[in-house]
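Here is the structure we will look at.
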Amino acid sequence: MKEHLDLSRRIQNAASSQEVENVKALHTYYHGRADATAEWAQIWSRSGDCSWAHAFGRMRGFDQVWYGSVTQYDQMAMQNWMELVEIYPEVGGKDPRPIMEASVHTLVTDVIEVADDGLSARASFITPGVIHSVLTTEQEKYCNVLWERYGSDFICEDGQWKYLHEHVCPDILTRLDALNWAAEDYARLTDPDPKAAPPPTLGAPPVSDPGPMHHPYSVLSKPQDTVPWPEPYATMDNDNTYTPFL
């Protein structure tokens with residue numbers, strides 16, 4: 001399917017797909033230690049076209065993304081640290097961010113397509129993982145298991161590959177070794193308990209495109225193809241992106 005490209009471009013695009021995969025791996029490392037500051041400072045485009053989306057909606061433009069994904073995220077980490085230090089004074093002097101939680105995202109089934117012009121790339125991933133913490137204000141360990149899908153767009157700026165768009169689609173989230181998410185959902189639908197707690201959700205920062213943009217999996221839900229894998233394409237445009245351009 002790439003025979004219309006010369007050999008040099010095919011080699012460059014193959015190498016670029018590896019670089020894009022490395023950028024994604026850096027995201028998983030930074031997110032694992034809750035270091036949103038390093039992620040958005042180092043591997044993201046500062047373009048006004050950049051965006052980050054979750055079920056609750058989409059943030060657009062670097063300033064809005066930074067406020068929602070870095071400022072508010074760091075604020076949660078600092079508030080958590082201030083409460084924890086009263087219980088565990090030994091956290092004094094330690095970075096508050098990784099103390100908040102560890103998000104372990106394993107990236108599988110990656111499909112990466114580099115544009116024919118070599119200036120952009122698109123990728124989809126499934127990410128089975130866990131979010132856990134051993135230091136909590138309740139003095140109890142917890143671990144959530146989750147399955148998400150990523151739809152990611154990248155651009156090459158001054159020879160360096162960076163994120164442009166990210167769309168996170170949460171499918172499954174429940175407590176590890178404590179709940180059966182499918183059985184819990186079935187029970188909630190067939191015999192609802194008005195006193196039961198609603199499914200856990202993330203706090204929503206300010207967004208330009210309000211959600212919901214994706215729904216958690218349910219035994220009665222229709223299949224959702226929110227972020228389908230990318231097809232070969234010539235250049236990034238509104239037919240080939242996970243975030244339509246304004």
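Values in this document were obtained by computation on a predicted structure and should not be read as measured data. One-based numbering along the sequence shown.
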State whether the side chain of [X] and the backbone N or O of [Y] hold a donor-acceptor pair below 3.5 Å, judged by distance alone.
X: N13; Y: A115; value: yes
X: R33; Y: A102; value: no
X: T190; Y: Y186; value: yes
X: T136; Y: Q139; value: yes
X: E19; Y: Q160; value: no
X: Y88; Y: T137; value: no
X: T28; Y: A25; value: yes
X: S16; Y: Q12; value: yes

Under 4.0 Å between a side-chain nitrogen and a carboxylate oxygen: does that hold for D117 and R9? no

Got a salt bridge between D209 and R60, using NZ or NE/NH1/NH2 to carboxylate O under 4.0 Å?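 Here D209 pairs with R60 in a salt bridge, since their nearest N and O are under 4.0 Å apart.
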
Passes salt bridge (charged side-chain N to carboxylate O under 4.0 Å, His left out), E166 versus K24? Steps please. CA-CA 11 Å; E166 180 82 290; K24 193 67 174 181; 2.7 Å; yes

How close do [X] and [Y] get, counting heavy atoms only, and between which atoms?
X: G57; Y: V207; result: C-CG1, 4.0 Å
X: D237; Y: T241; result: O-CG2, 3.2 Å
X: M59; Y: Q64; result: CA-OE1, 3.1 Å
X: A123; Y: F154; result: CB-CE1, 4.1 Å
X: D225; Y: R149; result: CA-NH1, 4.4 Å

Side chains of [X] and [Y]: closer than 4.5 Å at any heavy-atom pair?
X: H167; Y: T243; answer: no
X: M100; Y: Y73; answer: yes
X: L26; Y: Y30; answer: yes
X: N144; Y: V130; answer: no

Any donor-acceptor pair under 3.5 Å linking the side-chain atoms of Y242 with those of S51?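 No.
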
Set of residues satisfying side-chain contact (heavy atoms from CB on, under 4.5 Å) with respect to N22, sequence neighbours excluded: none

Who are the side-chain contact (heavy atoms from CB on, under 4.5 Å) partners of W40, not counting sequence neighbours?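 Listed in chain order: A36, W44, W52, F62, V65, W66, S69, V70.
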
Aromatic ring centroids of F125 and H105 under 6.0 Å?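 Aromatic pair excluded; centres sit 6.0 Å or further apart.
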
Measure centre to centre between the rings of F245 and H165, then say whether the value is under 6.0 Å. yes

